[in-house]
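One structure is given below, encoded as structure tokens.
Just follow the structure's listing: the first ligand is 1, and inside any ligand the first atom is 1. We count residues from 1, following the sequence as given.
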Amino acid sequence: MDGSSDNKMPFVNIKKQYLAIGMLIFVALFFFNSRPAFQCQITPEVNTYLPTIYGITPTYARLAQKADLTRLSQTLMLVRNFHWIIIEDSETKTKLVENLLKESTLKYTHLNVKTQKSKHSTASGVEQRNVALNWIRDHLRKSEDKKGVVYFMDDDNTYALKVFEEMRKIKKVGVWPVGIVGGMRVEMPLVTNGKVSGYNAVWKPFRPFPIDMAGFAINATLFLDHPEAKFSRKVQSGFQESEILKYVTTKDELEPLADNCTKVYVWHTRTQKPSILNPKKLKNPPLPDDHIEV
Ligand SMILES: *[C@@H]1O[C@H](CO)[C@@H](O)[C@H](O)[C@H]1NC(C)=O
Ligand SMILES: *[C@@H]1O[C@H](CO)[C@@H](O)[C@H](O)[C@H]1NC(C)=O
């Protein structure tokens with residue numbers, strides 16, 4: 001056996017070699033790991049064309065407005081290529097809605113028009129949706145990319161991200177089930193051999209299209225082809241959907257989505273009207289809070 005001093009040198013050399021090999025492995029792993037990751041992130045964004053979804057949302061001032069709009073806007077922030085058109089039922093745009101939009105990361109257009117109240121028609125959102133449709137027409141005429149999908153969205157409904165994936169498949173008009181609406185667990189088109197053959201609806205089933213506003217989306221190009229298409233105050237309640245759809249499609253043309261209308265990706269939820277105690281009637285009234293936006 002050699003002396004201890006002879007043994008030390010090879011030991012030190014081996015450690016250096018290990019170190020060098022270790023560093024090589026580290027560098028190799030770094031490249032190996034990072035390359036597929038870069039590719040995964042960049043490829044779908046650059047190569048996959050996604051038509052813009054134009055979401056049209058009428059809104060009006062009320063106590064739960066900011067809560068409802070916060071919930072909806074934060075869902076919409078997760079949708080790619082989405083353009084939110086929000087139309088206030090008011091004489092002027094409010095700071096509350098303006099701030100909410102500014103603080104979101106959304107692409108948006110903020111409009112306003114006051115509802116023309118009449119005792120014959122209590123329908124809400126008619127003027128607001130029509131103003132939005134005209135904005136879309138102007139916008140599409142000017143823009144190079146004329147493709148898009150138009151979806152009418154209530155500010156208190158609940159939307160799964162999947163409903164947006166579905167509507168990008170639309171050629172003309174796509175339909176799907178809506179949960180908790182029309183007195184039913186789910187109101188939905190009936191599908192036979194991949195075509196809409198009827199509707200499972202109990203509320204005014206004689207409507208030409210017994211579908212809720214949340215249950216369809218329309219190829220935006222159709223609003224250029226049909227400049228006359230609009231909502232109307234002259235129809236009875238529940239007929240707004242049929243009114244707009246009649247301009248752009250027929251039952252035979254409807255494209256059933258959400259796995260042939262077997263999946264629920266949107267719910268017609270309603271926010272309960274909150275009840276606030278009148279401070280003037282309280283023995284121990286709370287501090288004034290008018291300076292706080294709620
Ligand atoms: C809408 O219709 C136009 C014209 O037929 C078509 O080019 C386009 O691909 C359709 N879909 C979308 C999402 O725009
Ligand atoms: C819908 O039904 C048709 C006809 O039965 C079928 O060809 C098609 O694959 C179905 N689509 C989906 C998404 O399940």
Is it possible for you to check whether R129 lies under 6.0 Å from the centre of the six-membered ring of F231, through NZ or CZ, and within 45° of that ring's axis? yes
Which residue and non-hydrogen atom of the protein lie closest to [atom], and at what distance in Å?
{"atom": "atom 6 (C) of ligand 1", "value": "N219 ND2, 4.3 Å"}
{"atom": "atom 7 (O) of ligand 1", "value": "K147 CE, 3.7 Å"}
{"atom": "atom 4 (C) of ligand 1", "value": "T221 CG2, 4.2 Å"}

In ligand 1, which numbered atoms sit nearer than 4.0 Å to a non-hydrogen atom of I170?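 It comes down to these atoms of ligand 1: 11 (N).
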Under 4.0 Å from a heavy atom of P51: which atoms of ligand 1 are those, numbered in the order shown and with their elements?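 Listed by number with element: 13 (C).
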Side chain, backbone, both or neither: which applies to K146 and ligand 1 if a contact is any heavy-atom pair less than 4.0 Å apart?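 It is neither; nothing of K146 touches ligand 1.
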Would you sort out whether K114 and E91 count as a salt bridge (charged side-chain N to carboxylate O under 4.0 Å, His left out), showing the intermediate values? CA-CA 5 Å; K114 183 88 181 137; E91 304 282 2; 5.7 Å; no
Mark up the atoms of ligand 2 that fall under 4.0 Å of a heavy atom belonging to N260, in ascending order. 1 (C), 2 (O), 3 (C), 8 (C), 10 (C), 11 (N), 12 (C), 14 (O)
Just which atoms of ligand 2 are under 4.0 Å from any heavy atom in N193? 4 (C)
Between N219 and T221, does any side-chain donor sit less than 3.5 Å from a side-chain acceptor? yes
How about T115 and D89: does a side-chain donor come under 3.5 Å of a side-chain acceptor? yes
Closer than 4.0 Å: a protein non-hydrogen atom to [atom]:
{"atom": "atom 2 (O) of ligand 2", "result": "yes"}
{"atom": "atom 14 (O) of ligand 1", "result": "yes"}
{"atom": "atom 11 (N) of ligand 2", "result": "yes"}

Is the gap between the ring centers of H110 and W135 under 6.0 Å?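 Between W135 and H110, which both carry aromatic rings, the centre distance is not below 6.0 Å.
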Indicate, with yes or no, if the rings of F82 and Y108 have centres closer together than 6.0 Å.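 They do not qualify: ring centres at least 6.0 Å apart.
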Would a distance-only check, ignoring hydrogens and angles, find a side-chain to backbone donor-acceptor pair under 3.5 Å from Y54 to Y151? no
Backbone N or O of G179 within a donor-acceptor pair of the R185 side chain at under 3.5 Å? no
Quick one: does R168 get an N or O within less than 3.5 Å of an N or O on ligand 1?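 So ligand 1 has no N or O lying under 3.5 Å from an N or O of R168.
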